[in-house]
Structure formats: structure tokens, C-alpha cells
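For clarity, every value in this text was computed on a predicted model and none was experimentally measured. The chains referred to below are lettered A, B, ... by the order of the sequence lines, with proteins before strands, and numbering in each begins at 1.
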Amino acid sequence: MAKDLGVTSREENYADWYNEVVKRADLADNSVVRGCMVIKPHGYAIWEHMRDALDRMFKETGHVNAYFPLLIPKSFLSKEAEHVDGFAKECAIVTHHRLMNDPNGKGVVVDPEAKLEEELIIRPTSETIIWHSYKNWIQSYRDLPLLINQWANVMRWELRPRLFLRTAEFLWQEGHTAHATYEEAEQETLTILEIYKRFAEEWMCVPVIDGIKSDGEKFAGADHTYTIEAMTQDFRAIQAGTSHHLGQNFAKAFDVTFQSAEGKREYVYATSWGVSTRLIGTMIMAHSDDNGLVCPPKLAPIQVVIVPIGRGDDRAAVMEATDKIAADLKATTWSGLPIRVKVDDREKESPGFKYNYWEMRGVCLRIEIGPRDLAEGKAVIASRLGGDKKEVQLDQIISTVATELDNFQRALYQRALALREANTHRVDSWEEFQTAFAQEGGGGGFILAHWDGTQETEDAISAATKATIRCIPLIPLDPKDNEPGVCVYSGKPSQKRVIFAKAY
RNA sequence: CGGGGCGUAGCUCAGCUUGGUAGAGCGCGUGCUUUGGGAGCAUGAGGCCGCAGGUUCGAAUCCUGUCGCCCCGACCA
């Protein structure tokens with residue numbers, strides 16, 4: 001009986017495992033519309049913490065928030081040639097604005113009289129609608145830089161959706177900035193990339209490699225794209241965030257110019273950058289286990305759950321102690337915010353049930369307190385990362401919780417880093433390269449190999465192995481990675497190693 | 001859009017071959033007993049058997065059509 005209460009193990013079926021964790025941890029459900037997702041309160045709480053932390057970081061670096069509309073005239077998308085190529089295949093289109101009763105029966109039909117003169121697309125990203133506005137906002141170099149972010153939903157009509165990792169509608173932030181010079185825009189993309197990397201590592205406990213995308217993998221319409229790439233527990237790469245230098249492409253497409261201090265009229269330089277609810281999927285894939293969700297304390301919806309044990313005569317005293325601990329914890333800040341505590345005082349459920357219940361939902365620490373503890377003036381504390389339960393004196397609980405949360409955050413990062421390092425390899429022969437990616441379904445880790453820099457080779461490697469270039473690291477993982485060599489596929493000269501992996 | 005599978009209770013599924021009153025487990029309600037790693041007993045509620053036609057005295061079951069979902073490929077954050 002206990003068996004069907006858990007989730008499929010990662011080893012047995014990684015895809016099923018992921019899906020079941022999302023559902024059993026109460027994070028999200030599929031909607032009735034294919035590809036769309038209901039984000040439940042427990043999942044949305046994670047997003048709120050991500051959003052709040054990132055928003056602070058953006059504001060600290062001079063960005064402000066605004067909101068641009070959901071609907072974009074169809075013609076806008078085609079103003080930038082590469083951009084339309086990249087997104088045209090996955091757009092939802094609004095063609096009518098009215099329904100009517102079906103003259104032939106029940107229900108409603110689209111009113112053919114209500115056809116739109118110009119069809120609208122639901123934003124797959126907002127560059128076009130935003131740059132249409134920027135044309136009017138930017139006149140002079142004094143208006144620059146323009147540093148704007150928006151929190152929004154976007155829609156990309158996905159054929160193979162997966163909860164959080166790839167959904168038709170998703171939540172994200174998209175930053176859109178305008179600058180007077182190429183160099184300033186370049187600095188902006190790198191500043192944001194650094195924020196993304198710091199957020200992934202310090203908040204999500206997910207080590208990432210920051211690098212530049214090959215031309216084949218860059219954003220449609222960008223001059224070049226930076227990325228942070230994480231590794232999942234099935235040894236694949238997942239793109240966790242991107243920051244694009246758009247050059248003058250959108251400025252030219254939307255005719256956005258400014259007058260320089262010297263009185264010359266010039267096109268502005270642009271950047272755009274985003275992270276999405278995919279981060280939640282990334283976090284799950286990086287940390288969770290066969291008992292359910294594992295959450296970094298800084299993002300956990302609930303950091304501490306208290307399970308009071310005992311009923312009847314013991315109940316009142318135990319509850320009194322429980323409520324005191326809860327109140328004390330809530331009055332304490334950890335990492336700058338009040339500690340998030342839940343008291344599970346349900347009387348119908350057994351303690352054992354509650355332990356499993358909250359483990360599945362990714363609560364970091366559990367405090368058990370019963371009559372026996374109370375008699376000795378202590379409580380039991382257990383970590384979601386395992387290890388032995390510890391006994392704590394009641395007057396030490398606050399400091400112990402803070403310390404345990406610190407340790408948890410650090411240990412989780414170290415564990416993910418160890419996984420990545422153990423599955424990152426350098427390969428110099430084509431045979432070895434193919435073997436590395438040979439397993440059906442599975443990943444193969446990160447393979448650092450030499451590449452001749454051509455699109456043809458990239459395509460050929462991808463066709464043969466399903467592995468793609470995830471990025472060219474900004475900083476080599478090992479100094480030797482930047483020593484010249486020969487391409488693993490073509491044998492032509494190569495300047496440095498790049499990262500290949502199968503990707504989500 | 002190709003290849004495979006599946007639609008029966010909130011969830012996971014049995015029943016279909018061979019037509020005859022709609023089933024199980026989990027979950028849910030109620031009552032009693034239980035509480036230190038997924039409690040027990042009792043009792044109840046819950047169904048247009050995906051949808052539409054057809055065959056038949058009679059269809060979850062057979063036939064035709066249709067819609068939807070899942071998995072694997074091509075495309076993507």
C-alpha cells in the first residue's frame with residue numbers, strides 16, 4: 001500500500017518521475033487546453049520568491065518595470081526578418097472579436113461578421129511591440145540608456161509541452177534596453193547574465209555555466225546570445241536564462257534613432273533578456289529526489305514545518321509549545337525575510353503520514369515535538385536532505401533552524417555541483433564522442449570538445465548524436481580548455497573547447 | 001504532421017475476446033478506536049463507460065465515424 005503513495009524512481013523512468021513530482025508536490029496541473037498549465041499555490045509561491053529576488057536585483061542595477069500589451073499586430077512580427085523566422089511557426093493568432101449563438105444548434109460559434117481587419121498575435125515575446133513604443137520614447141542621447149523590464153505571460157504554441165519546462169503559455173520577465181553604443185549594450189547583456197548566474201547559484205543552488213551561444217542556437221534577431229546552462233539529474237543540459245545583444249537590428253526594423261551629443265542621428269543598440277517559469281522545472285530537475293520535491297531554502301514556499309505529536313491529555317501542552325516555536329520562528333528573519341513556518345495540527349493524520357506529506361512538498365526542515373520531548377525541554381529536527389534526526393533544546397531552536405537553513409542552502413549547491421563535475425568530460429575522438437551520447441533517452445553529461453566553428457559541423461554532430469552546442473564558456477572550466485586543438489568531428493583547427501550536451 | 005498506445009468514479013485501473021442490473025484499490029463523507037515514519041474497523045456518497053450513429057429484444061462490450069489525451073520522432077526557452 002505504501003508503494004503507490006510515492007513517485008516513480010528517477011532510475012526507473014525519469015520523465016514519469018518529473019511529472020509525478022510536479023503533481024504530487026502540488027505545484028501544477030495540466031489545464032484542459034493542451035500545453036497550458038495551472039500553477040497551484042504551492043508552485044506559485046516558488047515563482048513569487050524567484051520574482052521578488054530577481055526584481056530586487058534588476059532594480060538595484062537601475063532597471064524599472066513597465067507593462068506592454070498581450071496583443072501585437074501581425075505585421076509587427078515580420079519587420080525583423082530573422083525574428084519572424086524564429087517565431088512564426090509557434091504563434092497563436094486572434095482573428096475575430098465576437099461570438100454568436102450557433103444558428104444550427106446549441107453553443108456558440110465565431111461570428112463571421114466580426115473578423116479583424118488586421119489579425120493580432122498573442123505575444124511570443126515582446127520585442128516588436130516594445131520597439132514600436134521606443135521609437136517615440138527615444139529622441140536624444142539624453143533619453144538613453146532606457147532600462148525597462150516587464151513581468152508578463154507569453155505564448156508559444158508548443159507541440160510537446162512539459163509542465164514548467166516547456167508550456168504553451170508561460171510566465172517570465174523580459175528586459176528590453178536601449179543604448180547609445182554597442183559597448184554599452186554589451187555591458188548590459190553581461191550585467192544581466194551575471195545576475196542570472198548569481199540567482200541560479202545563490203538562490204536556486206543550481207550551478208550554471210555562462211557562455212555564448214553558437215550562431216545556430218542564438219535568439220532569432222540577435223547579434224549574439226549569452227546563456228546560463230544547468231545540468232539535470234539525467235545528465236542533460238537545460239538553458240536556464242538568456243541575455244541577447246540585439247545590435248541595431250530592432251532599431252533599424254522599427255526606425256529607432258537618437259541624436260548624439262555631436263548632433264548626429266544614429267540607430268540605438270538594444271538588448272533583451274529573460275528567465276521564465278522554466279526555472280522552477282530546472283530547480284526540480286536539479287535537486288528533487290525519489291521522495292519528491294527538494295527546494296532550496298531561499299525559494300521554498302515553506303521552510304519549516306512543525307509536527308506536534310500526541311493527543312488527549314498531552315495535546316494542550318504540545319500545542320502550546322508548538323505555537324510558541326512557530327511564533328518565535330516567524331518573528332525571526334533568515335536571509336533577510338521572516339522564516340516561513342507551517343504548523344501541521346491536523347488531528348486525523350498520523351505523524352508518519354505528515355512526514356512523508358511534507359517531504360513530498362519540499363519543506364526543508366521538520367520539527368517534531370511530542371510529550372517525551374517536552375518533558376526533557378527539547379524537540380527533534382530533521383532535514384529534507386536526509387541524515388540523522390537531531391535533538392535540540394527548545395531554547396536553541398531559533399539559532400539551530402537558522403544554521404540548518406544555511407547548511408541546507410550550501411549543501412544543496414555542493415551536491416548539484418558534484419553531480420555536474422562528475423558528469424563533465426573532455427573528449428578528443430569522434431568515436432568517444434559518439435559513445436558518450438549513445439544511450440537512448442539518457443543524457444550523457446557535458447562533453448567539452450573542440451569544434452571548428454562552422455554551422456555545417458554543428459549540424460552534422462547534432463544529426464549524428466542529438467547533442468548540440470550548449471555554449472562556448474566565457475571562462476574556461478579548466479585553463480587548458482582554451483588551448484588550440486582539432487575539431488572532434490572534422491579534424492580542422494579549433495581555438496578552444498565548447499560544451500556539447502543533449503538538451504531540454 | 002508521421003509511428004505507437006489509451007479514453008469506464010476525484011485518481012490508478014479491471015470488465016470487452018464470448019452482449020444480459022456498473023466493478024476494485026486509493027482518495028472523499030460520517031462514527032468509534034488510534035498518533036514518535038504513509039493507522040484500524042464500521043458505514044456511506046460518488047458513473048450519459050469520451051461523443052455520435054448503427055447492429056440487436058438488449059451494447060461499456062460488436063460495427064462505422066468522430067473528438068480528445070499520452071508516448072516516440074521533426075520544431076522550440
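- An OP1 or OP2 oxygen of C72(B) is reached within less than 4.0 angstrom by a side-chain nitrogen or oxygen of Arg160(A).
- Taking 4.0 angstrom as the limit, Lys466(A) places a side-chain polar atom (N or O) nearer than this to OP1 or OP2 of A74(B).
- Straight-line distance between the C1' atoms of G58(B) and U18(B): roughly 16 Å, to the nearest whole Å.
- Taking the side chain of Phe353(A) as heavy atoms from C-beta on, and the options G36(B), A39(B), A77(B), the nearest nucleotide is A39(B).
- Comparing the P positions of U33(B) and G38(B) gives an interatomic distance of 22 Å, to the nearest angstrom.
- With salt bridges taken as basic N to acidic carboxylate O contacts below 4.0 Å, one links Lys74(A) and Glu119(A).
- With A39(B), A77(B), C76(B) as the candidates, the nucleotide lying closest to the side chain of Ser350(A) is A39(B).
- Rounded to the nearest Å, the gap between the P atom of U61(B) and that of C75(B) is 41 Å.
- With hydrogens and angles left out, the side chain of Glu359(A) and the base of G37(B) share a donor-acceptor pair within 3.5 Å.
- Of the candidate nucleotides G38(B), G36(B), A77(B), A77(B) has the atom lying nearest to any side-chain atom of Phe170(A).
- Taking atom P on both nucleotides, A60(B) is separated from G4(B) by 29 Å, rounded to a whole Å.
- With both pairing distances under 3.5 Å, G73(B) is matched to C1(B) as a Watson-Crick or G-U wobble pair.
- Taking the P atoms as reference points, C1(B) lies 31 Å from C48(B), given to the whole Å.
- Along RNA chain B, the nucleotide nearest to Gly35(A) and the one nearest to Glu90(A) differ in position, and the one closer to the 5' end is contacted by Gly35(A).
- For the C1' atom pair drawn from G25(B) and G46(B), the interatomic distance equals 15 Å after rounding to whole Å.
- The separation between Arg34(A) atom CZ and C6(B) atom P is 18 Å, rounded to whole Å.
- The partner of G37(B) is absent, by the rule that a Watson-Crick or G-U pair needs both atom distances under 3.5 Å.
- The base of C76(B) sits with one of its N or O atoms less than 3.5 Å from a complementary donor or acceptor on the side chain of Arg166(A).
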